[in-house]
Amino acid sequence: MSRLAVVQTRAKTGLEAPTVSVEVHLSAGLPALNMVGLPEAAVRESKDRVRSAILNSGFEFPVSRMTVNLAPADLPKEGGRFDLPIALGILAASGQLSPESLTGYEFLGELALSGALRPITGSLPASIACSEASHTLILPDKNAEAAALCPGAKVLGATDLLRVCSHLTGNEKLSEASCSRDETPAVYPDLLDVKGQQQAKRGLMTAAAGGHHLIFFGPPGTGKTMLASRLPGILPEMDDHEALEVAAIHTLSSYSHSPSWKQRPFRNPHHTASAVALVGGGSQPRPGEISYAHNGVLFLDELPEFQKVALEVLREPLETGEVVISRSKGQASFPAGFQLIAAMNPCPCGYLGDPQKACQCSAEQIRRYKRKLSGPLLDRIDLQIEVASQKTEQLFKSQPEDDRFSSKNIRHQVIRARSLQQQRQGKPNARLSAREMDEFCPLDKQKQAFMTRLCDKLGYSARAVHRILRVARTLADLDEEKSILQKHLAEAVHYRKLDREPG
């Protein structure tokens with residue numbers, strides 16, 4: 001007599017967790033376990049783990065012909081996350097568990113040979129999907145805290161297969177996991193640590209206020225890296241939705257969530273990082289640095305030293321805020337709404353234009369160095385700010401605690417400007433579309449003529465002009481002006497110095 005059981009679980013495809021039905025069918029015939037439904041090698045191997053886990057948990061492994069189908073069949077399945085639902089399906093199909101007891105639940109977890117549950121990745125996206133489906137999620141206890149971050153989700157953590165079965169039979173109920181969020185305010189380095197460089201600080205404040213991409217260029221040791229590392233400290237705190245997105249991405253490669261709730265990510269990959277490391281990829285697509293920097297900052301130091309192909313693949317994510325990785329078996333989409341901050345020297349030796357030290361590079365070396373950054377990539381960077389060397393006496397000059405360029409005061413101005421943008425258009429200025437700019441960045445005829453003369457003279461592209469207008473809108477917001485003034489346009493044009501550099 002044939003028997004059938006169906007158990008619900010979740011796969012992992014990018015940041016999505018599509019539902020998977022584990023169908024287990026027992027029928028007459030020679031003892032065998034066949035697995036279908038596009039399983040990867042780790043999933044096919046689960047039959048040996050499941051058999052040992054069932055026996056070591058005190059249950060009987062059916063001596064019959066078993067077929068395990070992971071539906072839908074065209075969705076790739078990978079990892080050991082399907083061990084627990086497969087084991088429960090076998091127990092239900094063989095009559096050792098009631099099939100009705102599985103209703104309303106979804107299961108995830110890798111099984112050890114002893115029957116213990118081992119943690120899996122991608123627990124939070126699965127928890128979010130289960131919450132939307134009004135299902136209870138049962139998974140390893142080491143994943144429970146991260147999965148419980150989803151508001152309204154009902155998550156139960158278990159240590160082994162026997163505890164899960166005891167809960168389903170009503171003998172010993174599993175306790176519901178509680179949401180544990182570290183609300184401790186993050187401590188960031190202060191901009192007061194950077195002596196002088198008022199123009200660079202002004203540019204950093206503008207970038208934070210409008211969500212603009214920024215590049216610092218100048219001789220070594222002028223404070224470019226120090227300035228960039230202080231950007232998270234002047235950005236507004238993430239809201240719950242943004243924090244949940246960041247935590248969900250983190251769980252794709254970790255068993256737990258990011259330790260600091262609402263702390264904006266700051267990713268600083270080395271310049272030897274490959275294109276796949278930056279944007280993600282692999283045979284089974286994984287997120288890259290730009291996705292781990294989502295809702296935060298991606299800092300690329302020594303920008304021209306990165307591989308050219310690695311820099312060029314940043315173009316589309318800089319525009320769209322997401323990256324789509326396509327493979328023969330399908331595609332995965334990851335969010336990539338990061339803010340790019342980059343730093344570079346003006347030449348290979350670093351001292352071009354430095355009044356204190358002579359440049360040792362030839363004209364050809366300088367041209368080759370600058371050509372490592374393509375025009376289309378620079379077009380997408382709103383602010384291009386020079387960080388010049390300073391006199392030594394400036395380093396010993398004390399600054400009062402209430403300096404207008406302290407992180408505390410700048411953050412207050414940034415939050416005020418972001419609030420104006422949220423009320424006006426519901427998004428930062430850097431994300432305004434061309435059509436929205438006509439509405440929120442209008443110019444009168446005098447300012448249009450000013451911009452036309454200036455941009456035509458400098459040879460700016462249409463994209464560069466749009467980015468100038470977005471920056472000018474941010475400068476107006478910082479001054480709490482309803483309209484963009486000519487001084488805002490002039491300052492925004494001034495912040496595109498690399499576009500005017502020869503070579």
Side-chain angles (χ1 to χ4, degrees), residues 1-12 17-27 33 35-37 39 43 46-47 49-51 53-62 64 66-73 75 77 79-111 115-118 120 122-123 126-141 143-144 147-148 153-177:
M1 177 175 161
S2 64
R3 287 165 288 185
L4 176 68
V6 180
V7 185
Q8 299 300 320
T9 184
R10 296 277 168 178
K12 185 175 70 170
T19 184
V20 172
S21 296
V22 178
E23 302 170 343
V24 181
H25 180 237
L26 271 62
S27 60
L33 196 160
M35 194 170 297
V36 297
V43 183
S46 67
K47 59 184 179 181
R49 294 193 298 270
V50 167
R51 182 178 186 278
I54 288 177
L55 292 174
N56 288 320
S57 297
F59 297 101
E60 292 183 6
F61 193 78
S64 60
M66 287 179 284
T67 302
V68 177
N69 179 38
L70 306 177
L75 178 69
K77 291 90 178 175
R81 60 199 297 115
F82 302 107
D83 288 4
L84 178 59
I86 290 173
L88 294 174
I90 291 174
L91 293 176
S94 62
Q96 299 176 74
L97 271 182
S98 170
E100 290 75 19
S101 65
L102 304 173
T103 304
Y105 290 100
E106 296 191 19
F107 304 89
L108 287 171
E110 180 182 337
L111 285 171
L117 283 172
R118 289 179 172 150
I120 48 92
S123 57
S127 176
I128 295 172
C130 285
S131 177
E132 293 173 351
S134 300
H135 288 168
T136 300
L137 177 63
I138 297 181
L139 75 176
D141 58 348
N143 292 126
K154 188 173 181 181
V155 177
L156 306 179
T159 57
D160 51 55
L161 174 62
L162 189 58
R163 295 286 178 87
V164 175
C165 294
S166 297
H167 173 82
L168 295 174
T169 56
N171 295 330
E172 183 182 353
K173 289 296 181 180
L174 296 171
S175 58
E176 186 171 348

So, for [X] and [Y], which heavy atoms are closest and what is the spacing to 0.1 Å?
X	Y	answer
R49	G80	NH2-CA, 3.9 Å
S27	S64	O-CB, 3.7 Å
A93	V24	CB-O, 3.9 Å
P140	L108	CD-O, 3.2 Å
G89	A5	O-CB, 3.6 Å
A129	A17	CB-O, 3.8 Å

Could you give the distance from [atom1] ([X]) to [atom2] ([Y]), rounded to the nearest 0.5 Å?
X	Y	atom1	atom2	result
M66	R3	CE	CZ	10.5 Å
L161	L91	CG	CG	6.0 Å
Q8	T103	CD	OG1	9.5 Å
L139	L84	CG	CG	9.0 Å
L156	E176	CG	CD	6.5 Å
D141	T159	CG	OG1	6.0 Å

Short question: side chain of [X], backbone of [Y] - any donor-acceptor pair under 3.5 Å?
X	Y	value
K77	G37	yes
D83	E110	no
S127	S123	no
R81	G109	no
S131	I128	no
T9	F82	no
S57	I54	no
R51	F61	no

Check: [Y] and [X] side chains under 4.5 Å, non-hydrogen atoms:
X	Y	value
I86	M35	yes
L33	V68	yes
V20	R10	no

Check against side chain to side chain contact (heavy atoms under 4.5 Å, CB included), R163 and L174 | CA-CA 8 Å; R163 295 286 178 87; L174 296 171; 4.2 Å; yes
Counting only heavy atoms not in E60, do more than 12 sit closer than 6.0 Å to its CD atom?
-> no
Here the salt bridge (Lys or Arg N to Asp or Glu O under 4.0 Å) pairs for residues 128-138, sequence neighbours left out, are none
For L168 and F107, what are the C-alpha separation, side-chain angles and deciding distance, and is it a side chain to side chain contact (heavy atoms under 4.5 Å, CB included)?
-> CA-CA 12 Å; L168 295 174; F107 304 89; 4.1 Å; yes
Please determine, by modelled atom types, if S21 and E23 share a side-chain donor-acceptor pair under 3.5 angstrom.
->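 The answer is no; no qualifying pair exists.
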Only one of L97, D160, N171 passes side chain to side chain contact (heavy atoms under 4.5 Å, CB included) with C165; say which it is.
->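 The side chain to side chain contact (heavy atoms under 4.5 Å, CB included) with C165 is passed solely by L97 among L97, D160, N171.
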Evaluate the criterion side chain to side chain contact (heavy atoms under 4.5 Å, CB included) for residue pair E106 and T136; output intermediate values, then yes/no.
-> CA-CA 6 Å; E106 296 191 19; T136 300; over 6 Å; no
Could you go step by step and tell me if L137 and K154 meet the side chain to side chain contact (heavy atoms under 4.5 Å, CB included) rule?
-> CA-CA 6 Å; L137 177 63; K154 188 173 181 181; over 6 Å; no
Contacts of H135 meeting ring-ring contact (aromatic ring centres under 6.0 Å, His included) (sequence neighbours excluded), chain-then-number -> none
